[in-house]
> 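Provided herewith is a single structure, encoded as C-alpha cells, for subsequent inquiry.
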Amino acid sequence: MSAFPSRALSEWFRRDHRRLPWRETYDPYRVWVSEVMLQQTQVETVLPYYDRFLDRFPTVEALAAASEDAVLAAWSGLGYYSRARNLRNAARRVVADHGAHVPDDHERLIALPGIGRYMAGAILSIAYNRPFPVVDGNVRRVLSRLHGWPEPKERTLWDTAAAVARAGEPRVMNQAMMELGATVCTPNAPRCGECPLRRRCEARKTGAQAEIPLPRKRPPTVRVDLHAVLDRNRNGYLMREDRGLWEFPMLTDPPGDGFLHLGHCRHAITHHRVEVDVYRGALGRRKGYRRVRFDAVPVTSLTRKIHALAETPPNQR
DNA sequence: AATGCGTGGAC
DNA sequence: TGTCCAAGCAT
C-alpha cells in the first residue's frame, strides 16, 4: 500500500483553493459559524449571509447575548433554522461554561448542541490545527473513488480520514479533501485531469467514477396532497408563524366553503397587497396534517415570498 | 436505523 | 414546469 499523496494534495490546495470569507481567519468562532452555515448548504447560498451575520454577532459573547428572534432574523432564508437556535444555545453555553473560549477538545465540543462528529473535527482541525478527521459528502466521495469503494462503510471512512488528517498539516489536509470534492471530484463530470490524486485513483483506473460512490438507498416518496388555506379577511390573509417562518395553515383535506385553495389562487399573492395576521399555534405544529417530503408540497415557492412580505414593515408596502 | 429539517441547483 | 437530490445533526 503506497503512502497517501499528501504533498500533491496540500500543494494543490494552497495553489487552487477558492478564496472565501471564512478562509481569511482561523478564529474558532468564525470557523464554527461558517461550518454551521455550510452544513447542507452550498457555498453560493452562504456567501451573502456570512459577513452580515458576523457584523451583527462579531463574537461568541455577542451571539450569546442576542435574542433568538434576532439570530433567526439574520438566518432568515438560509433554512434549517434549528441550526441557528442550536448555534445560539451553544454560544450561551460556551460563554457560561467555558469563559467564552470555544472548546479545543473533542469531548466538550461534541457536547454542544448542533455539534456532531463532523463539526467537532472541522473546528479542531481548521481552527486549532489538530489532527481530527472530517467526513462530509465531499470527503466521502473523494475517498470512495480514490480507494474504489462503491459502498463505503462509515467506520472505514472515518479511519481513513483520520489517517489523511495526520498525513500533513491537519487544517490543510482536511480543507483540501473537502475542496477537492467540491471543485474537482464532483458528483457529475469530475475533472480528473486536474486532480492531484489522479495517479492513485482506483475509480479513474477503471473508469468507474460515475458508479462510485453508489447513491444511498432512499425510501420511496410518499405523496400527500396538502391544501393551504387562503383565508382572506378584512385585514388580509390568515397566516401562522412557526418559529420565524411564515406559512399558510395547511390541511390534508380540502378546506370547506369560505376558504380558497392556494393552488387555485397563486395570483392572489402577487395581485393583492398582503397584510399578515399572526395565527399562533391553533392548528398545532403539523398536527392534523402531514408533510412527508417538502418538495411534494405545492406551495413551497410561495412560502419564501410570504416570508419576505411578512418581514417588510407595512409602511414600506 | 430511519427520518425530518429548508433551500437551491441540475435536469 | 416538476422532480430529484444534496448529506450533518438530532431524535
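Convention: sequence-line order gives letters A, B, ...; per-chain numbering from 1.
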> For a quick test of reading the model, state the closest non-hydrogen atom pair linking A66(A) to R88(A) and the distance between them.
O-NE, 2.7 Å
> Can you tell me how far P of dT7(B) sits from CE of M37(A), to the nearest Å?
14 Å
> Grab the CD-P distance between E154(A) and dC9(C) for me, whole Å please.
11 Å
> Find the distance L38(A):CG to dG6(B):P and express it as a whole number of Å.
18 Å
> Taking OP1 and OP2 of dA6(C), is either one under 4.0 Å from a side-chain nitrogen or oxygen of R141(A)?
no
> Report yes if a side-chain nitrogen or oxygen of Y80(A) is closer than 4.0 Å to either non-bridging phosphate oxygen (OP1 or OP2) of dA10(C); otherwise report no.
no
> Given atom CE of M178(A) and atom C1' of dG8(C), what is their separation to the nearest angstrom?
12 Å
> NA contact type, T41(A), heavy-atom cut-off 4.0 Å: base, sugar-phosphate, or nothing?
base
> Is R83(A) touching bases, backbone alone, or none of the nucleic acid, heavy atoms closer than 4.0 Å?
nothing
> Between Q40(A) and E44(A), which residue's closest nucleotide on DNA chain B lies nearer the 5′ terminus?
Q40(A)
> Determine whether a donor-acceptor pair (N or O, by modelled atom type, separation under 3.5 Å) exists between the side chain of R83(A) and the backbone of V36(A).
yes
> Has S6(A) got a side-chain atom pairing as donor or acceptor with A167(A)'s backbone, closer than 3.5 angstrom?
yes
> When rounded to the nearest Å, what value does the distance between P atoms of dG6(B) and dT3(C) take?
22 Å
> For C195(A), is there any backbone N or O sitting under 3.5 Å from a side-chain donor or acceptor partner on R198(A)?
yes
> If you check the Y81(A) side chain, which of dG8(C), dC11(B), dG6(B) turns out closest?
dG6(B)
> Taking side chain as C-beta onward, heavy atoms only, is L112(A) less than 4.5 Å from M119(A)?
no
> Report which part of the nucleic acid P113(A) touches: base, sugar-phosphate, or nothing (heavy-atom distance under 4.0 Å, all strands).
sugar-phosphate
> To the nearest Å, give me how far apart CD1 (I110(A)) and P (dG8(C)) are.
14 Å
> Roughly how many Å is it from CG in L109(A) to P in dA10(C), rounded to a whole number?
12 Å
> Rounded to whole Å, how long is the line connecting atom CG of N86(A) with atom P of dG6(B)?
11 Å
> Indicate, with a heavy-atom threshold strictly under 4.0 Å, whether Q42(A) touches base, sugar-phosphate, or nothing.
sugar-phosphate
> Starting at atom CG of L214(A), determine the distance to atom P of dA6(C), rounded to an integer number of angstrom.
12 Å
> When rounded to the nearest Å, what value does the distance between P atoms of dA7(C) and dC11(B) take?
15 Å
